[in-house]
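Okay, so here's the structure we're looking at.
These figures come from a predicted structure and were not determined experimentally. Sequence lines set the chain letters: A, B, ... in the order given, protein chains first and strands last, and positions in each chain run from 1.
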2 protein chains.
Amino acid sequence: MSKHAKEMEILKEHLEKHQLKFTRQRELILDAFLKQEHITAEEMYHQLARKDPHLGLATIYRTLNLFCEAGLAQARHFGTQTQYDNVSHKGHHDHLICTGCGKIVEFENCDIERLQEEVATKNGFTITTHRLELYGLCTRCRH
Amino acid sequence: MSKHAKEMEILKEHLEKHQLKFTRQRELILDAFLKQEHITAEEMYHQLARKDPHLGLATIYRTLNLFCEAGLAQARHFGTQTQYDNVSHKGHHDHLICTGCGKIVEFENCDIERLQEEVATKNGFTITTHRLELYGLCTRCRH
DNA sequence: ATTCTTTTTGATATAGCTTATCAATTTCAA
DNA sequence: TTGAAATTGATAAGCTATATCAAAAAGAAT
Ligand SMILES: [Mn+2]
Ligand SMILES: [Mn+2]
Ligand SMILES: [Zn+2]
Ligand SMILES: [Zn+2]
């Protein structure tokens with residue numbers, strides 16, 4: 001049984017349901033993706049260039065977006081770059097981002113989530129999504 | 001005394017301090033900017049085209065970025081578009097954004113801010129900036 | 001295994017938004 | 001009034017992501 005059997009199964013189910021095909025590229029990209037917590041399309045492109053020099057950048061983008069539709073990934077826009085977040089094994093969370101070294105730390109805070117709902121209700125809004133990012137310096141970069 | 005005398009003064013002080021010049025375009029753009037809470041460069045371009053059809057889009061961008069440096073504006077990236085936020089008369093705040101009609105509501109919540117600091121400290125981070133946006137539907141768009 | 005339809009891929013063009021370039025113009029201090 | 005320095009407007013270029021399209025691959029049916 002492969003290391004990423006469960007996620008591979010989720011992908012295959014999504015593919016079947018939408019009459020899409022299982023390809024060598026999709027398998028390759030999923031394997032690489034699941035080894036990371038957060039990765040950009042560009043990083044993945046360079047990383048996979050070693051395994052398959054002919055893999056196109058457009059295919060990387062298309063496939064990562066496919067993973068988003070299948071619920072395995074989420075696109076996150078941090079600063080200027082777009083990180084694809086491997087959410088196959090985790091629930092909702094927000095991020096701390098170090099502007100020094102690029103380190104990303106995930107966190108969950110129910111109190112903040114609850115206060116957000118309160119703010120929305122007070123203003124007559126119904127929240128569908130939100131975005132909370134804390135930018136700063138990590139311990140190492142502060143020194 | 002002009003309606004935007006105070007802000008005009010802030011701009012002039014910034015210009016002097018940085019050996020920049022006070023121009024007709026900067027005055028025109030500041031006047032238009034201060035009438036809005038949030039505006040995109042593109043919107044401002046079209047709005048001012050009536051008053052001065054020769055005003056270039058690059059000048060709009062340059063000038064709005066100048067206002068950011070002078071502390072009169074802040075660039076905010078909501079969804080795909082960049083809104084310039086008129087912060088001349090207000091302190092820190094976050095936003096509720098209606099994905100139906102584009103309405104933007106500002107809010108301040110000390111409890112959320114405090115919890116953010118807590119989260120950062122717990123993870124060894126020192127926050128320099130943050131970003132909190134709540135996306136959803138306003139009362140009108142929900143019906 | 002072969003055929004055949006549909007989807008996918010890779011190379012590249014294009015889009016959308018913002019900044020860079022640069023000659024001509026304007027500002028403003030001397 | 002003069003002249004150095006900054007600004008402007010038109011447009012090219014940069015950057016990231018998507019669109020295009022002919023060739024290739026997938027996979028169901030035979
Ligand atoms: Mn994450
Ligand atoms: Mn605002
Ligand atoms: Zn760091
Ligand atoms: Zn609305």
- Kindly state whether the ring of B/F33 and the ring of B/Y84 have centres lying under 6.0 angstrom apart.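 Distance test on ring centres: not under 6.0 Å, no.
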Integer-rounded Å distance: [N] [atom2] and [X] [atom1]:
X: B/E27; N: D/dT8; atom1: CD; atom2: P; answer: 12 Å
X: B/L28; N: C/dT26; atom1: CG; atom2: P; answer: 15 Å
X: B/Q83; N: C/dC17; atom1: CD; atom2: P; answer: 12 Å
X: B/H14; N: D/dA6; atom1: NE2; atom2: P; answer: 14 Å
X: A/E42; N: D/dT18; atom1: CD; atom2: C1'; answer: 14 Å
X: B/L66; N: D/dT8; atom1: CG; atom2: C1'; answer: 14 Å

- What is the minimum heavy-atom distance between B/R131 and A/Y135, and which atoms define it?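 Minimum heavy-atom contact is CB-CE1, 4.4 Å.
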- Task: Return the orientation label for the B/H38 and B/H95 ring planes: parallel under 30°, perpendicular over 60°, tilted otherwise.
- Result: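 Perpendicular: the ring planes of B/H38 and B/H95 meet at over 60°.
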- Message: Any side-chain N or O of A/Y61 below 4.0 angstrom from OP1/OP2 of D/dA17?
- Response: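 A/Y61 to D/dA17 OP1/OP2: side-chain N or O found under 4.0 Å.
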- Message: Can you build the contact string for nucleotides 4-14 of chain C? Use B for base contact, S for sugar-phosphate-only contact, and - for no protein heavy atom under 4.0 Å.
- Response: --BSSBBB---
- Task: Check step by step if side chain to side chain donor-acceptor pair (under 3.5 Å) holds for A/E113 and A/H92.
- Result: CA-CA 10 Å; A/E113 304 278 326; A/H92 170 76; 3.0 Å; yes
- Message: Over all strands shown, is B/T82 touching base, sugar-phosphate only, or nothing at heavy-atom distances under 4.0 angstrom?
- Response: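 Here B/T82 touches the backbone only, sparing every base.
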- Apply salt bridge (charged side-chain N to carboxylate O under 4.0 Å, His left out) to B/E118 and B/R114, showing your working. CA-CA 6 Å; B/E118 252 177 50; B/R114 187 175 39 72; 3.6 Å; yes
- Partner of B/C98 by side chain to side chain contact (heavy atoms under 4.5 Å, CB included), out of B/R142, B/K103, B/R140: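 Among the candidates, only B/K103 passes.
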